[in-house]
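The first residue of the sequence shown is numbered 1, and numbering continues consecutively from there.
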Amino acid sequence: MSQLKSLFQEGTWQNNPALVQLLGLCPLLAVTSTVTNALGLGIATLLVLVGSNFTVSVVRNWVPKDIRIPVFVMIIAAFVTVIQLLMNAYTFGLYQSLGIFIPLIVTNCAIIGRAEAFASKNSPLLSVWDGLMMGLGFALVLFVLGAMRELIGQGTLFDGAELLLGNWASVLRIEIFSFDHQFLVAILPPGAFLGLGFLIAAKNIIDAQLKAKAEPTAEEVKGPRARVTNLN
């Protein structure tokens with residue numbers, strides 16, 4: 001249980017692939033103009049991470065070290081192809097919106113990195129959990145960044161949710177405030193860079209505060225003072 005908890009903390013916070021490792025930034029910055037796009041890519045990446053980690057862990061003892069990277073890439077590409085075909089069949093509007101960034105999941109360094117650094121050295125159960133936590137951490141950053149950009153850019157949340165969840169999800173659209181014109185800085189790539197920078201800064205501030213609370217004070221280091229009584 002302690003190892004599962006450690007993997008949870010690493011994936012979602014301490015070693016978050018987007019905020020700490022700074023991996024997979026190309027799709028993260030490109031498609032997070034809305035919450036719907038961010039969730040779609042986040043869920044797709046999470047499923048690929050879980051599937052590829054499990055498969056790599058299962059076959060790790062039969063793959064020669066000299067060709068392990070090409071084999072890992074082929075495994076990841078197979079899962080990405082499956083996800084791409086499913087999205088094309090069931091969420092075609094979202095598939096068109098994400099475009100080239102779905103097949104580009106194959107080149108996401110976070111996925112290849114976890115396959116090489118963790119799944120190839122650990123059991124299938126731990127590898128699945130690691131993939132789930134890393135994917136969850138990546139998806140959470142996508143979601144928060146997408147919500148920030150959509151809210152600032154056009155004053156809404158969950159715009160186009162029906163592209164991901166079906167026609168019934170159109171009721172999920174929330175209009176916080178209305179603009180005469182969209183705030184393009186937030187919607188275009190510069191907004192993604194600024195938003196990610198603020199998220200990284202916020203994480204660093206929180207980490208610094210937690211570290212300061214965890215460090216012992218000067219009085220705690222010195223310990224309680226001993227009282228000396230003069231017997232003369």
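Here the straight-line distance linking atom CZ of Phe158 with atom CG of Leu165 works out to 9.0 Å at 0.5 Å rounding. Atom CD1 of Ile83 and atom CG of Leu47 lie 4.5 Å apart (nearest 0.5 Å). Rounding to the nearest 0.5 Å gives a distance of 11.5 Å between CG of Leu194 and CG of Leu188. Taking CZ from Phe143 and OG1 from Thr36, the interatomic distance works out to 10.0 Å, rounded to the nearest 0.5 Å. Expressed to the nearest 0.5 Å, how far CG of Asn88 lies from OH of Tyr95 amounts to 4.5 Å. Separating the NZ atom in Lys5 from the CE atom in Met133 is a distance of 14.0 Å, to the nearest 0.5 Å.
The closest donor-acceptor contact from the side chain of Arg60 to the backbone of Asn122 lies under 3.5 Å. Side-chain atoms of Thr55 do not come within 3.5 Å of backbone N or O of Ser52 as any donor-acceptor pair. Although no hydrogens or angles enter the test, the distance criterion places no donor-acceptor pair under 3.5 Å between the side chain of Gln84 and the main chain of Ile102. Looking at Gln21, its side chain never comes within 3.5 Å of a backbone N or O of Ala110 through a donor-acceptor pair. Trp13 places no side-chain N or O within 3.5 Å of a backbone atom of Glu10 that could act as its donor or acceptor partner. In this structure, Ser57 contributes its side chain and Phe54 its backbone to no donor-acceptor pair below 3.5 Å.
Hydrophobic clustering keeps Leu85 apart from Ile43 (ILVMFWY residues linked when any side-chain heavy atoms are closer than 4.5 Å, directly or through intermediates). Note: the hydrophobic cluster containing Ile69 also contains Val56 (ILVMFWY, side chain heavy atoms under 4.5 Å, direct or indirect links). Using a 4.5 Å cut-off between side-chain heavy atoms of Ile, Leu, Val, Met, Phe, Trp and Tyr, with links allowed through other members, Val128 and Leu126 fall into the same hydrophobic cluster. Criterion: ILVMFWY side-chain heavy atoms under 4.5 Å apart, direct or through other members. Under it, Leu151 and Leu184 are not part of a common hydrophobic cluster. Placement of Leu94 and Val171 in two distinct hydrophobic clusters is found when ILVMFWY residues are connected by side-chain heavy-atom separations under 4.5 Å, directly or transitively.
In this model, no donor atom of one side chain and acceptor atom of the other lie less than 3.5 Å apart for Ser33 and Arg149. Remark: the Asp130 side chain and the Asn53 side chain contain an N/O donor-acceptor pair separated by less than 3.5 Å. Under the 3.5 Å distance criterion, with hydrogens and angles disregarded, no donor-acceptor pair is assigned to the side chains of Glu162 and Ser170. A donor-acceptor contact under 3.5 angstrom links the side chains of Asp159 and Gln154, judged on distance only. Between Asn37 and Ser97, the side chains place a donor N or O and an acceptor N or O closer than 3.5 Å (distance only, hydrogens not considered).
For Ala186 against Ile152, the heavy-atom pair with the smallest separation is CB-CG2, 3.9 Å. Between Val58 and Pro124 the shortest heavy-atom distance is CG2-CG, 4.1 Å. Shown here for Pro27 and Leu41, the closest heavy-atom pair between the two residues is CB-CD2, 3.4 Å. Between Leu199 and Met148 the shortest heavy-atom distance is CD2-SD, 3.8 Å. Nearest approach of Trp129 to Phe8, heavy atoms of both residues: NE1-N, 4.0 Å. Scanning both residues, Leu23 and Cys109, for their nearest heavy atoms gives CD2-CB, 3.8 Å.
Between Asp207 and Lys211, none of the side-chain N atoms (NZ, or NE/NH1/NH2) sits under 4.0 Å from a carboxylate O, so this pair counts as no salt bridge.
Counting only heavy atoms from C-beta outward, the side chains of Leu132 and Leu46 approach each other to under 4.5 Å. Put simply, the side chain of Leu29 reaches to within 4.5 Å of the side chain of Leu196, judged on heavy atoms. Side-chain contact check for Met134 versus Ile111: every heavy-atom pair is 4.5 Å or farther apart. Residues Thr156 and Ile174 have side chains not in contact (no heavy-atom distance under 4.5 Å, counting atoms from C-beta outward). Counting heavy atoms from C-beta on, the side chains of Leu142 and Leu145 never come closer than 4.5 Å. Taking the side chain as every heavy atom from C-beta outward, Phe79 and Ile105 never approach each other to under 4.5 Å. Inter-residue side-chain proximity for Ile200 and Val20 is flagged as unmet; no heavy-atom pair is nearer than 4.5 Å.
Atom CG of Asn61 has more than 12 neighbouring heavy atoms from other residues, nucleotides or ligands inside a 6.0 Å radius.
With Phe138 as the fixed residue, the side chain to side chain contact (heavy atoms under 4.5 Å, CB included) test singles out one of Asn16, Thr12, Leu28: Leu28.
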(request) Take Arg114 and Glu116, measure what salt bridge (Lys or Arg N to Asp or Glu O under 4.0 Å) needs, and give me the verdict at the end. (result) CA-CA 5 Å; Arg114 297 318 295 175; Glu116 168 66 15; over 6 Å; no
